[in-house]
Amino acid sequence: MSATNLPTTEAMALHGARVLQVAWNLVSTAEDAQDVFQETFLQHHLAVARGRTIENPVAWLCTTARHAAFRIRRRQRRLGHRVPDDLLVACPAPAIDPQQGLLLDRLRDLTARLPDRQAQVFTMRNFEQLSFAEIAAHLGITEDAARASAHKALVRLRSQMDPAKEEDHVG
Amino acid sequence: MSAELTPREFELLLDEYVRGELAADRALACDRHLAAHPDAHRDVQVATRLLLAPAWRAAGAPPPGLLEDATIATQRILDIAAQRHTRRLELSRPLRRALAWSAAGAVAAIAIVLAWPDAAPPAFADVLARLRDVDGVQVNGWVRGPDGSPEPWRQWLAADGSFRAEIGETTNRRLVTWHDDVREVRDAAGRFYRMPDPSASPARREEVQATLRLLEAMARDGSLAATGGGIERVDLGEISRFTRIARGALGPELRLRWTIDVDNRTSLPRAGAIDQMVGGQWVRTAELAFTAFDGGEAGLFRQDGPAAMPTGDDRARLWFELGISVRSLMTPAVTAPAGDSEVRRLGAADVRGSTTSGGYTYHEAGVATLGLYNLTVDNLIRGLSGPSVVDNAVARRRVSLEVRAKDALPWRRKVAAALDTLGLRAEVAPRTSTRRRYVFGQDGRAFAPSRFEFDAVSVRGDTDGYHYDLERVPLSSAVEMLLGNSSLRRDECDTVIYATPADAARNPFATPVDVAFHNRDGSWETNLAFLRENFGITLEVAADTMTTWEVKLLEEHSADGAEADD
C-alpha cells in the first residue's frame with residue numbers, strides 16, 4: 001500500500017510518537033496533548049475517507065497537530081506573563097525549572113497567536129529544531145520564504161515581550 | 001545574495017547566524033554587515049537571547065505512557081466511527097461530543113456522568129464505556145410524582161436523545177415524548193399537547209461536561225482526582241454498588257445522593273436510586289431498574305393526533321411532565337415545592353466559611369432552585385427566567401435566600417413567594433426601544449478566496465489600533481470580527497443580517513477569505529471601507545422600534561413609582 005493511502009491506524013503506529021511530541025511542545029498538559037493527538041488522527045481519518053491524497057503523511061500530520069495545538073492555546077485565555085528580557089539569557093546547559101516553565105508557556109502562547117504560517121515555521125524552527133531546508137520541504141515553500149516567516153515571527157515576539165509595551169490579549 | 005548584505009538579506013540570515021549554522025562566507029558577510037551597521041547589534045542581542053533560550057527545549061519528551069494512552073483512546077473513537085458508520089464526524093470541537101451522541105448508551109452515559117461528573121473507580125468507568133456501545137436504554141421503576149406520592153415510571157432513551165416517558169397508571173397515566181426538538185404530552189384526561197422544545201436537546205445543554213475523552217480517562221485508571229463529593233464502591237458479590245453524594249454549591253450540606261448497582265459480569269447498570277436530603281433526613285425520590293439496552297420499537301418516540309399548544313394554565317398543571325428530559329435517566333424526581341414555590345432564608349450556616357457572596361441554580365426534574373447569598377435582588381427575577389430589571393435602589397438591595405419553584409410556571413408565579421418574603425412587589429411595564437439592524441450585502445464583484453488550507457484567527461488591539469490576521473474564515477465571520485472589534489458600541493448594532501441575492505450562484509458570505517489588515521484608528525468606518533474595497537461589502541442600517549418588557553422592583557406598600565432609599 002502506498003504511503004498516500006496509509007490507513008489512519010497505521011499512520012498512528014508509524015507517526016504517533018512524532019505527532020505527540022509536536023503536541024507536547026506546544027500545550028501545557030497531558031490532557032491537551034491527548035486532545036491534539038486525537039484531533040490530528042481523526043482529521044486524518046476524515047481526509048482519507050473523503051478520498052484525499054496525502055503526499056507527505058508526516059508533514060501533513062505534524063502541520064495538523066500544530067494547528068490543533070494553536071487552537072487550544074488560543075482558546076485558553078491566559079493573562080500573559082510579561083517576562084523581562086534578562087530572563088532570556090542563554091544558560092550553559094538547559095535547565096527545566098519553574099521559571100523556565102513559565103517562560104515556556106509564555107512562548108507557547110505568543111507563538112500560537114502568530115499568523116498561521118509564521119507560527120508553523122517558528123514552531124518547527126524553535127520547538128522542533130528543524131533546519132530551514134527541512135521546514136521548506138515540510139511546508140512546500142522556498143527556504144527564503146521560511147526564513148522570512150521566521151524573521152517576521154521573531155520581530156512580533158520581540159515586540160510582544162518588550163516590557164515597555166502593554167500586555168495584549170487576542171480578542 | 002550580494003557580497004555586501006542588504007538589511008533585508010541580513011534579516012533572513014539572522015536566525016542561522018546567532019545559532020552558528022551559517023557557512024563561513026555567509027557568517028563573514030554578516031560580521032561585515034554588523035561592522036558597517038552598529039545599530040544591528042541590538043537585533044543580534046535580542047535574537048540571541050530569544051532564539052537560544054533553553055525554554056524552547058524545556059518541554060522535554062512526553063511523559064511515559066502518554067503515547068500508549070493517546071493511541072488507545074484515539075483507536076476507540078475510530079472503532080466507534082467505523083462500527084456506526086458515523087454520519088456527523090464534525091471536526092469542530094468538541095469532536096468527541098459529536099461521537100458521544102452516536103449511541104443511546106452514550107447519551108445515557110452522558111446523563112449518568114452529569115450526576116457523576118468526577119472521576120470514578122475503574123469499574124464504573126467500564127460501565128460508562130460499556131454503555132457507549134448499546135443502542136438504547138430502558139428503565140422501569142417508580143418516582144415521586146408531582147404531588148409527592150410514588151407512582152410508576154418507565155422511560156426509553158434513543159440514540160439521538162429522543163425519549164419516551166410513561167408516568168402513572170390506569171386513570172392517572174401520562175405520556176411524554178420528545179424528538180427533533182418537539183415535546184409531546186398526553187395528560188391523564190387524554191388531552192394532547194405538542195410544543196417546540198429545543199431546550200431538551202442534549203447537544204445544546206451547556207452543562208453537559210462529559211466527553212469521550214473524559215470517559216477514556218476514567219476507563220484508563222481513574223486518574224482524574226475525585227473532588228467535591230467522592231464516590232464509594234461496595235462489592236456485593238454479583239454486583240458493585242456505587243454511591244455519590246452532591247453537596248450544595250455554596251455550603252457544606254449534603255443535597256442529593258445517587259446509587260447505582262452494576263452487574264459485575266456485564267459491566268452494565270442493573271438498578272439506580274436517588275435520595276434527597278430534606279430536613280436532615282434522606283428521602284428517596286426514585287428507584288429505577290435498567291431493563292433493556294436495545295433501540296426499542298419503532299414509533300416509540302412520537303405521538304400522533306391533533307394536538308394543542310399548552311396555555312399558561314396547562315403548563316402550570318403539567319410542570320412535572322414538562323421537566324422530563326434525558327437527565328431524568330438519573331434524576332427523574334426531586335421533592336416538589338409546596339404550592340408554586342418555597343422560600344427559605346440563607347444564613348452563615350448555609351455557606352462555607354470563606355464565602356462572602358455567591359449564587360447557584362439547579363434545574364432538576366421540573367424544579368428550579370435558585371440560591372442567592374448576599375447578592376442583589378434583581379438576580380431573583382433574572383434567575384427565574386424573568387425579564388430585565390430596572391436599576392434602582394430596591395434592585396440593588398442584597399438578599400440571601402433560596403427559592404425552589406416549579407420550573408414550567410411563569411416567572412411571576414415563581415418569584416411571588418420570594419417577593420412576599422422580602423416585602424417587595426414587581427411592576428412590569430413595556431419599554432420602547434430602537435433596534436438597529438445592520439444589513440450587509442455584497443455588490444457581486446469577484447474577490448480572492450482564501451489561499452490557506454487551515455483556518456486561523458488573530459485579532460489584536462494595540463496602542464496603534466487593531467491588527468486583523470484572519471486566514472480561511474467565512475466572509476461573514478470576517479465581517480463580524482471587524483464589526484465586533486472596533487470602535488462601534490454594542491448598542492449601535494443589535495442585529496446583523498447577511499443579504500444574499502436570490503440569483504447568486506454562491507453565497508459570498510460563506511466563501512472562506514483571508515484578511516491581513518491594520519486599522520490604525522480602530523474605527524468601524526475604516527473597517528467598513530476596507531471591506532467595501534476588498535470584498536464589495538455594502539451596508540444598510542435600518543432602525544426599528546420594538547417593545548420589550550422590564551420589571552421595576554418596589555417596596556410592597558410604596559406608592560406607584562416610589563422607591564425606598566438604601
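Sequence lines set the chain letters: A, B, ... in the order given, protein chains first and strands last, and positions in each chain run from 1.
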Fill in the blank from the handout: From the list A/Ala148, A/Ala23, A/Ala33, the residue making the most non-hydrogen contacts under 4.5 Å with chain B is A/Ala148

Problem - Contact check, side chains of B/Trp56 and A/Thr111, non-hydrogen atoms, under 4.5 Å - result: yes

Problem - Salt bridge B/Glu16-A/Arg147, side-chain N to carboxylate O under 4.0 Å - result: yes

Problem - B/Asp43/A/Arg158 under side-chain contact (heavy atoms from CB on, under 4.5 Å): CA gap, chis, key distance, verdict - result: CA-CA 10 Å; B/Asp43 295 335; A/Arg158 173 186 172 179; 2.7 Å; yes

Practice task
State, yes or no, whether a side-chain contact exists between A/Phe37 and B/Leu66 at a heavy-atom distance under 4.5 Å.
Solution key: no

Problem - B/Leu14 versus A/His151, closest heavy-atom pair with distance - result: CD2-CE1, 4.2 Å

Practice task
Flag the pair B/Leu12 / A/Phe132 as yes when at least one side-chain heavy-atom distance between them is below 4.5 Å, and no otherwise.
Solution key: no

Exercise for the section: Against chain B, work out which of A/Ala146, A/Ala150, A/Ala112, A/Ala30 has the most heavy-atom pairs shorter than 4.5 Å and name it. Expected result: A/Ala30

Exercise for the section: Go through A/Leu26, A/Leu154, A/Asn126, A/Leu20 and name the one with the most non-hydrogen pairs under 4.5 angstrom from chain B. Expected result: A/Asn126

Problem - Short N-O contact, A/Arg117 and B/Asp469, less than 4.0 angstrom - result: no

Exercise for the section: First locate atom OG1 of B/Thr74, then atom CD of A/Gln38, and finally report the distance between them rounded to the nearest 0.5 Å. Expected result: 4.0 Å

Practice task
Taking the side chain as every heavy atom from C-beta outward, state whether B/Arg19 and A/Arg125 have any atom pair closer than 4.5 Å.
Solution key: yes

Problem - Neighbour count >12 (heavy atoms, 6.0 Å) for atom CD, A/Gln129 - result: yes

Exercise for the section: Search all heavy atoms of A/Arg108 against all heavy atoms of B/Ala59 and return the closest pair with its distance. Expected result: NH2-CB, 3.5 Å

Practice task
Would you check, one step at a time, whether the test side-chain contact (heavy atoms from CB on, under 4.5 Å) holds for A/Trp24 with B/Leu67?
Solution key: CA-CA 11 Å; A/Trp24 186 247; B/Leu67 177 60; over 6 Å; no

Practice task
Considering non-hydrogen atoms only, spot the tightest contact between B/Ala61 and A/Gln21 and give its length.
Solution key: CA-OE1, 3.7 Å

